[in-house]
**Student:** 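Take a look at the following structure, please.
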Amino acid sequence: MRDIKTVGIVGTGVIGAGWAARFLARGVDIIATDPSPGAEAAMRETIELAFPAMQKLSLAPFGERGTFSFTTSLEEVAMTADFIQENVPDNEALKCKVMGQIAEHAPADVILASSSSGLLPSVIQAACRHPERLLIGHPFNPVYLLPLVEVMGGDKTSEDAIAHATAFYDSMGMQPLRVRSEIEGYISDRLQEALWREALHMVAEGVATTGEIDDAVIYGPGLRWAIMGTCLTFHLAGGEQGMRHMLEHFGPALELPWTKLKAPELTEELIDRMVEGTQAQADGRSIRDLERLRNDCLVGIMQVLKQNQTSAGTTIARDEARRYTARGHARWQAGDAVAAPLKLYECTVAPEWVDYNGHMSESCFLQAFGDASDALFRYVGIDEDYRAAGHSLFTVETHLNYLAEARVGEPLTFTTQLLGLDAKRVHLFHSMHHGTTGDLLCTTEQMLLHVDTGAERTAPMTGPVFDALSAVWAAHAALPAPEQKGRVMDVPGQVS
Ligand SMILES: NC(=O)c1ccc[n+]([C@@H]2O[C@H](COP(=O)([O-])OP(=O)(O)OC[C@H]3O[C@@H](n4cnc5c(N)ncnc54)[C@H](O)[C@@H]3O)[C@@H](O)[C@H]2O)c1
């Protein structure tokens, strides 16, 4: 299978556009096709909505975006792309036809992945030339934020194609889940569908409204699912004895008619109840409004998961680490000359960083300085491995001096100067400049302590990290002290 520089996106609706955003952000070129009028404009709109959310999710800088092109020719996509992600509606006959056409023109070493939500790859590949490269790559909406992708092959799919697709999705910051047996609905939709069918039954029977059903999820089990899923959550439901007690306790309920599972008939009345119910819940908010709300909350949830090094948070941390490395984030090596001051970080004022005056909010200055500190940490070798080994730097004091405003979209550059160093303390100073005018916008002075996170106390630094910081200190010790160093606030004569 070939290296993947260009991905072909066939069908550019909700899922196709979501895939495109994820790939473009990671420098992969896209060639897309969709026969529907206005498809290209709608796709571009989704991509633009996706970027702020992706950037908010992670501090790690994205490299240069991939290039984007759109064509009306499916044949051109098939002949150009190194990997094809098909996202046409989930209709078996249509999938077989479109995949058959793609397979006709795509070189044999190009993987054909379908985003299908439940169809069998053995059926789709039956009509394809070189069926061994066809598989399912089933993502979740929004594809640019949610990491899960189920990878499943059919009778004829080769292990090589599965391995290549898995590695590619992993490199795109996803969490590939191999579905080992070929089953309809895969793992995730089989679970989702069970819940969905129960919801439809309850609405059809007039037992609950769509709003009540959603409340039953969002205030309770839904909050737990992101952390531990269903099985491990129920392990906790059994108290000290865990799952065994849980099954003894609730096992008999499995005999009771608590679920229906077979879907109810989709009558006009049921459709109306579902539509009217969800419209009432939306309460005048557009789909785009709700997408923004969903994205903001997903970002917050996943960031907490990352801090706790669990579930989807670990996928995001892995993706970030890879992006830092890919950007060739400067890392000091023994013998390297050190710039005085260091210039390790730059960024752009994000839309969500500005306040009602259109200026960057106070707290976001600190956030940007935090990112600049992260760049210094990486430079001296404080990375995921270092933290996993039980060491970190904790900030114990911060002074900020706000000098000028920054507006949305403006470029920012940072300089970093060490003001002092010993085995347990790093005294540092960052200056934030306007990237175009060079104006000084804000400074921060910080004291950080080196900590043994296991023992929860300060501990001396040793080894390569201390060597790197010592090299920085050697280069910075003779720099003039910044004007803002050690500044105190005072209204003269009022506080002694
Ligand atoms: N929406 C979800 O939450 C979700 C989640 C995971 C997987 N999926 C799967 O992703 C696929 C796409 O779903 P969606 O929600 O994006 O649907 P969608 O209706 O938003 O988009 C489908 C797109 O395919 C286009 N299309 C139709 N025929 C085509 C053809 N011959 N060639 C190229 N494009 C064609 C349509 O014009 C449309 O833009 C389906 O297989 C679906 O099961 C959907």
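In this chain, numbering begins with 1 at the start of the sequence shown. One-based numbering, in listed order, for ligands and for the atoms of each. Here the structure is a predicted model, which is why all the values come from computation and not from measurement.
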**Student:** Check whether any N or O atom of Leu94, backbone or side chain, sits under 3.5 Å from an N or O atom of ligand 1, and answer yes or no.
**Tutor:** no
**Student:** Flag the pair Phe23 / Phe168 as yes when their ring centroid distance falls below 6.0 Å, and as no otherwise.
**Tutor:** yes
**Student:** When you measure from the side chain of Asp90 to the backbone of Ser117, do you find a donor-acceptor pair of N or O atoms at a distance under 3.5 Å?
**Tutor:** yes
**Student:** Check each heavy atom of Val98 against ligand 1 and say whether those closer than 4.0 Å belong to the side chain, the backbone, both or neither.
**Tutor:** side chain
**Student:** Taking everything shown except Asp3 itself, do over 12 heavy atoms lie less than 6.0 Å from its CG?
**Tutor:** no
**Student:** Would Arg331 and Asp383 satisfy side-chain contact (heavy atoms from CB on, under 4.5 Å), going step by step from the backbone distance to the final call?
**Tutor:** CA-CA 11 Å; Arg331 178 122 179 199; Asp383 56 13; 3.1 Å; yes
**Student:** Protein heavy atoms: any of them under 4.0 Å from atom 19 (O) of ligand 1?
**Tutor:** no
**Student:** Under 3.5 Å between some N or O of ligand 1 and some N or O of Ser117?
**Tutor:** yes
**Student:** Would you check the N or O atoms of Pro35, main chain and side chain alike, for any that come under 3.5 Å of an N or O of ligand 1?
**Tutor:** no
**Student:** Find all atoms of ligand 1 within a distance of less than 4.0 Å from any non-hydrogen atom belonging to Ser116, and give their numbers and elements.
**Tutor:** 41 (O)
**Student:** Considering only heavy atoms, which of Ile9, Leu148, Asn141, Val10 lies nearest to atom 3 (O) of ligand 1?
**Tutor:** Asn141
**Student:** Among Leu146, Ile15, Ile102, whose heavy atom sits nearest atom 2 (C) of ligand 1?
**Tutor:** Ile15
**Student:** List ligand 1 atoms under 4.0 Å from Ser36, heavy atoms only on the residue side.
**Tutor:** 37 (O)
**Student:** Which of the numbered atoms in ligand 1 are under 4.0 angstrom from any heavy atom belonging to Val14?
**Tutor:** 15 (O), 16 (O), 20 (O)
**Student:** Can you report which non-hydrogen protein atom sits closest to atom 6 (C) of ligand 1, along with the distance?
**Tutor:** Pro139 O, 3.1 Å
**Student:** Who gets closest to atom 24 (O) of ligand 1 by heavy atom: Gly13, Ala32, Pro89?
**Tutor:** Pro89
**Student:** Could you tell me whether the side chain of Gln125 and the main chain of Asp155 form a donor-acceptor pair under 3.5 Å?
**Tutor:** yes
**Student:** Would you mind reporting whether His359 and Arg407 have side-chain heavy atoms less than 4.5 Å apart?
**Tutor:** yes
**Student:** Hey, what's the ring geometry for Phe414 with Phe369, parallel, tilted or perpendicular (30° and 60° as the breaks)?
**Tutor:** perpendicular
**Student:** Between His138 and ligand 1, is there a nitrogen or oxygen pair with a distance under 3.5 Å?
**Tutor:** no
**Student:** For atom 25 (C) of ligand 1, which of the options Val143, Asp34, Val77 provides the nearest non-hydrogen atom?
**Tutor:** Asp34
**Student:** Using protein heavy atoms only, decide if any is under 4.0 Å from atom 10 (O) of ligand 1.
**Tutor:** yes
**Student:** Around atom 40 (C) of ligand 1, find the nearest protein heavy atom and jot down its residue, atom name and distance.
**Tutor:** Val88 O, 3.3 Å
**Student:** A side-chain contact here means heavy atoms from C-beta on lying under 4.5 Å apart; do Pro411 and His434 qualify?
**Tutor:** yes
**Student:** Just by distance, with hydrogens left out, do Tyr144 and Thr46 show a side-chain donor and acceptor under 3.5 Å apart?
**Tutor:** no
**Student:** So is Arg65 actually on top of Phe51's ring, under 6.0 Å and inside 45° of the axis?
**Tutor:** yes
**Student:** Is a side-chain donor-acceptor pair under 3.5 Å present for Gln85 with Ser115?
**Tutor:** yes
**Student:** Are any of the heavy atoms in Lys95 under 4.0 Å away from ligand 1?
**Tutor:** yes
**Student:** Give a yes/no on ligand 1: does Ala39 have at least one heavy atom closer than 4.0 angstrom to it?
**Tutor:** no
**Student:** Quick check: do Glu291 and Pro142 have side-chain heavy atoms less than 4.5 Å from each other?
**Tutor:** no
**Student:** Can a non-hydrogen atom of Leu74 be found less than 4.0 Å from any atom of ligand 1?
**Tutor:** no
**Student:** What protein heavy atom sits nearest atom 12 (C) of ligand 1, and how far away is it?
**Tutor:** Asn87 O, 3.1 Å
